[in-house]
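Quick notes on the structure that follows.
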Amino acid sequence: MKKKLRAFIFEELVFVADPKQFSDEQDLLEAGLDSMGIMRLIMFIEDEYGITLPDTEIEPDNVQTFNRLEQWILRHKNG
Amino acid sequence: MSDSKQDILEALNIADSFTLAMDQEIRQDGLAGSLCGFALELNQTPDIKTLQQRINKFGQQFPVALASLQQRGKRFYWCKRVTPPTLFFHHQSEAEQAEQSYQKEIISHLINDKQDREEIAPIEFHLISHSTQTTFFIRWIHPFCDARGIELILKYLCTDNTSQFEKTTVKPLVNQQLDKYSWWKKILLLIKGKRYIANIDKLESIQTFDMEQSPQKLNYATYKLTAEQTDQVAKLARKHVGLTGTSLYYIACLMRALDKLNPNSEGEAFCSPYAFNLRKQRALTPVIANHVCALFSQAPRDIVKNREQLFAHLKQQNKEVIKQQLDYAFLPLMWAGSWLSLEEYGKILRLSSSEKERSSFWFSDVGKLDIPEHSFPGAEITSLFHLCQVTTPPALAFLCCNYQKQLILSYNFVEPLVTAEQIETLHQLFITELLTDDD
């Protein structure tokens, strides 16, 4: 899952010099993921995993790192 | 300039043509064309020698900066000039003039500088020195680059390591995005885009200002919020529109402020076009040219009157636009438009099916500017603001950015259709909307 998220974010939304060096715990918001990018990311996730992410849960806590993104998706995928 | 193709440096890309159509529209209104500005207020006189060296280096690395915009057949191109234009100018106050009025006088002159399209330099750098204030002002014509590009050019001037800004030889991002679609997908998107516009055109756009008089010149007013106010705005934006809608919060508050400024204005809905950038966040290339696509925020007047309904409406609208790929649906329309004459294209871009102006105001949120501290040669940047010319109607362009944790608002308005007094009132209404917490 993280592989797909990483590919989408680094290919479409945020530039980092060396994506391989960007850890799953590094801050995506600090790296430049902005409001428009988050909206696109959510649409990508909903399409890709067939889930609906509630607006009320679109919080930095859920989108700040790849690890948190994965946990957020899994909560809805498994729930 | 010869009519041969030997002097052509580069063709305008699809997004450049989009801004060129607006240049034509602004010129038809009797104004200076699609001139834009980026002003940096400095704490002292910078290292002029280093600055000049870097500007010259920029001109060498990006020759389009020295080009002339020429029409060849139906298309427009950046062409070599026999005599390259001057890139750097230094204005020094000689009179005992108040610092703000000196800065404003020079900037107003530069942003209203009427020159033929073929003559005007794509970009110029002006250092405006007063005994107590120094401003570095970049003026450019929109087909040369977008606001993000100017941020990159500024970063270029702020570093010795310019190799990271190498001119890419790949296609413009607009074309790259279009290349992702098969021909039938492009047609599907084109139809979607047309339907999207037709849907927007069902409601006549509100024009707040009286358009009876002839446009004379662009004026501007800028305001900087305190860090505390900026923090409060960010919190309220998060609360009302969520993490994904900061720009929508500004748009909503501006719609409400405009409605309060003139509740009796004609029209059924506020409609604002805004561009989004196709560059990845934090990418340092491509530097020049436009890499944008457009979309709209629209809200009927009865919804504008209810804050919470308005926030929910704009958020849902934005979500639907992205979900249905209506944002990218504009790209095939831009491609098709680039083959039209500027007059035809401008008309399509501006006017609804009932031949009325589609935009109630222009909007741009440049976001957070991440220029490293102590990087400008020989001086610190204490503040900054953006400017842009706008068509009439709507005669108002609202630009905002965030620098050093402070929100900076720039109102660009065409006089005498809009007055400085109206803008002051509008700003007070807008600030109240921005800082209002309903709970």
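These numbers come from the heavy atoms of this one structure, side chains and all, not from hydrogens, waters or symmetry mates. Every chain is numbered from 1, with letters handed out A, B, ... down the list of sequences.
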Does the plane of the ring in Tyr249(B) sit parallel, tilted or perpendicular to the ring in His240(B)? Use 30° and 60° as the thresholds.
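Judged by the thresholds at 30° and 60°, the geometry between Tyr249(B) and His240(B) is parallel.
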Is the ring pair Phe62(B)/Phe58(B) parallel, tilted or perpendicular, if the boundaries are 30 and 60 degrees?
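Rings of Phe62(B) and Phe58(B): tilted, as their planes differ by 30° to 60°.
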Asp327(B) portion near chain A, given a 4.5 angstrom heavy-atom threshold
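Answer is side chain: those atoms of Asp327(B) sit under 4.5 Å from chain A.
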Within residues 56-64 of chain A, which positions have a heavy-atom distance to chain B below 4.5 Å?
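Those residues of residues 56-64 of chain A which have a heavy atom under 4.5 Å from chain B are Ile58(A), Glu59(A), Pro60(A), Val63(A).
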Quick check on the structure: residues of residues 14-26 of chain A within a heavy-atom distance below 4.5 Å of chain B, by number.
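Listed by number: Val14(A), Phe15(A).
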Can you tell me if CD on Glu30(A) sees more than 12 non-hydrogen neighbours from other groups inside 6.0 Å?
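Open: at most 12 neighbouring heavy atoms sit under 6.0 Å from CD of Glu30(A).
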Inspect the surroundings of NZ in Lys368(B) and state if more than 12 heavy atoms from other residues, nucleotides or ligands are less than 6.0 Å away.
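12 or below, so no.
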Proximal component of Glu12(A), with respect to chain B [non-hydrogen, under 4.5 Å]
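For Glu12(A), the contact with chain B is made by backbone and side chain together.
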Where does Phe44(A) contact chain B at under 4.5 Å (heavy atoms): side chain, backbone, both or neither?
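Answer is neither: Phe44(A) stays 4.5 Å or more from chain B.
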Using a 4.5 angstrom heavy-atom cutoff, name the option from Gln164(B), Arg238(B), Gln281(B) with the most pairs to chain A.
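Most heavy-atom pairs within the cutoff with chain A belong to Gln281(B).
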Tell me if a side-chain donor or acceptor on Arg256(B) pairs with a main-chain N or O of Val304(B) at a distance below 3.5 Å.
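Yes; at least one donor-acceptor contact below 3.5 Å.
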Verify, without hydrogens or angle tests, whether Asn13(B) (side chain) and Asn290(B) (backbone) share a donor-acceptor contact under 3.5 angstrom.
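Yes.
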Test log, rule side-chain contact (heavy atoms from CB on, under 4.5 Å), inputs Leu295(B) and Tyr274(B):
CA-CA 6 Å; Leu295(B) 46 87; Tyr274(B) 62 100; 2.8 Å; yes
Look up atom CG in Leu13(A) and atom CD1 in Ile38(A), then write down how far apart they are to the nearest 0.5 Å.
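So the gap between those two atoms works out to 9.5 Å.
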Are the aromatic ring centres of Phe430(B) and Phe398(B) under 6.0 angstrom apart?
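For Phe430(B) and Phe398(B), the ring centres are under 6.0 Å apart.
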With a 6.0 Å cut-off on ring centres, are Tyr250(B) and Phe361(B) close enough?
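Ring centres of Phe361(B) and Tyr250(B) not closer than 6.0 Å.
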Test side-chain contact (heavy atoms from CB on, under 4.5 Å) applied to Cys401(B) and His386(B), step by step
CA-CA 8 Å; Cys401(B) 67; His386(B) 292 80; 4.0 Å; yes
